[in-house]
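I have placed the structure first, in the form of structure tokens, so that the comments after it can refer back to it.
Throughout, protein chains are lettered first and strands after them, A, B, ... in sequence-line order, and every chain is numbered starting at 1.
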Amino acid sequence: MPELPEVETVRRGLIPLVVGRRVLGVTVRERRLREPIAPGGLRRLRGVRLTGIERRSKYLLFGTDAGLTLLVHLGMTGQLCVCDRGRPRRAHEHVVLRLDDGRELRYADARRFGMMRLLDSEGLHRHPRLSGLGPEPLGGSLDAAVLHRATRRLTKPIKNFLMDTRAVAGVGNIYACETLHRAGIRPTRPVGRLSRAAWEAVVGSLRQVLHEAIEAGGTTRRDFLNAEGNPGYFAVSLRVYDRAGKGCGRCGAVIKRIVQAGRSTFYCPRCQR
DNA sequence: CTGAGCACCTGAGGGC
DNA sequence: TGCCCTCAGGTGCTCA
């Protein structure tokens, strides 16, 4: 489900539902996530008040009045939603936080590639998954000139570079493909051979496509659920991703699928050079 | 340094 | 109808 726009959509949807709420109880039904939940690892959540939700890359950070932060990653299939206590359990609901308004925050994740961990401010600060992240694509720190200068000697394909979280945070497979189509750049191009102007196009396209997806409610895939647990819909129209064999909307050429670093890449062989 | 390959898991979809 | 195969939004490891 979640790339950055989906995670941001979940964040925005959850804020009015959970911020200000006190956690009355925590149930962990399945601790074997990608990073297993330690026994009692979420126990200290009981009694705290949730004070805000931040996002870093595809991680959600739930702040609390106890100085603890609940770090959540949705992996490939993770879902977070707030619902009434009586709502029937869905499959793979691994963690439930009981809130003081009679509702529950539920974490479900079929493939269990996600994570959920409670950290104090020190643990959060030095957490390797967060400390190694590159600049946020939607923050002010992503800079085409800096990227251009930093990549002069690199031969890695631009698509793989975009998906390297140490270089740029939070760019997944879908938006890497979509960004490069908009920028008119072939995914296999070595980063070291991108001109300054090409970098401007990449950064501009990345920001644009992420903004559009967030504006549209972040829905790119079928199993997206919004914060109230209702299914989303295909609100974002993808121009190349999962469109192999179909026509490019800009030039009509047939979109190709290749594999890079084990992931599918989709691109238009005519308008991406 | 690079990237290929694999690992973690379940489920959807296509072909037969 | 069902079985078997491939593939999937993420991340992180080993290995060559």
Listed nucleotide nearest any side-chain atom of A/Arg129, set C/dG10, B/dT10, C/dT11 = C/dT11
Check A/Leu50 against A/Val18 and note the closest heavy-atom contact, atom names and distance.
-> CB-O, 3.6 Å
Residue pair A/Gln260 / A/Pro187, side-chain heavy-atom distance below 4.5 Å | yes
Assign A/Arg34 to base, sugar-phosphate, or nothing according to its heavy-atom contacts below 4.0 angstrom with the strands shown.
-> base
How would you label the contact of A/Arg153 with the nucleic acid (heavy atoms, under 4.0 Å): base, sugar-phosphate, or nothing?
-> nothing
Report the stems of DNA chain B as range-with-range entries sorted by first number; a stem here is at least three consecutive pairs, Watson-Crick or G-U wobble, both distances under 3.5 Å, and write none if there are none.
-> B:2-8 with C:10-16, B:10-16 with C:2-8
Determine the interplanar angle of the A/His94 and A/Tyr107 rings, folded into 0 to 90°, and report it as parallel if under 30°, tilted if 30 to 60°, perpendicular if over 60°.
-> tilted
When rounded to the nearest Å, what value does the distance between P atoms of C/dC4 and B/dC9 take?
-> 22 Å
Quick one: A/Glu35 CD to B/dC9 C1', roughly how many Å, whole number?
-> 16 Å
A/Phe113 ring over B/dC9 six-membered base ring, under 5.5 Å and 30° | no
When only distance counts, do a donor and an acceptor, one from the side chain of A/Arg111 and one from the base of B/dC9, lie under 3.5 Å apart?
-> yes
Of A/Val240, A/Leu4, A/Leu238, which meets side chain to side chain contact (heavy atoms under 4.5 Å, CB included) against A/Ile174?
-> A/Leu238
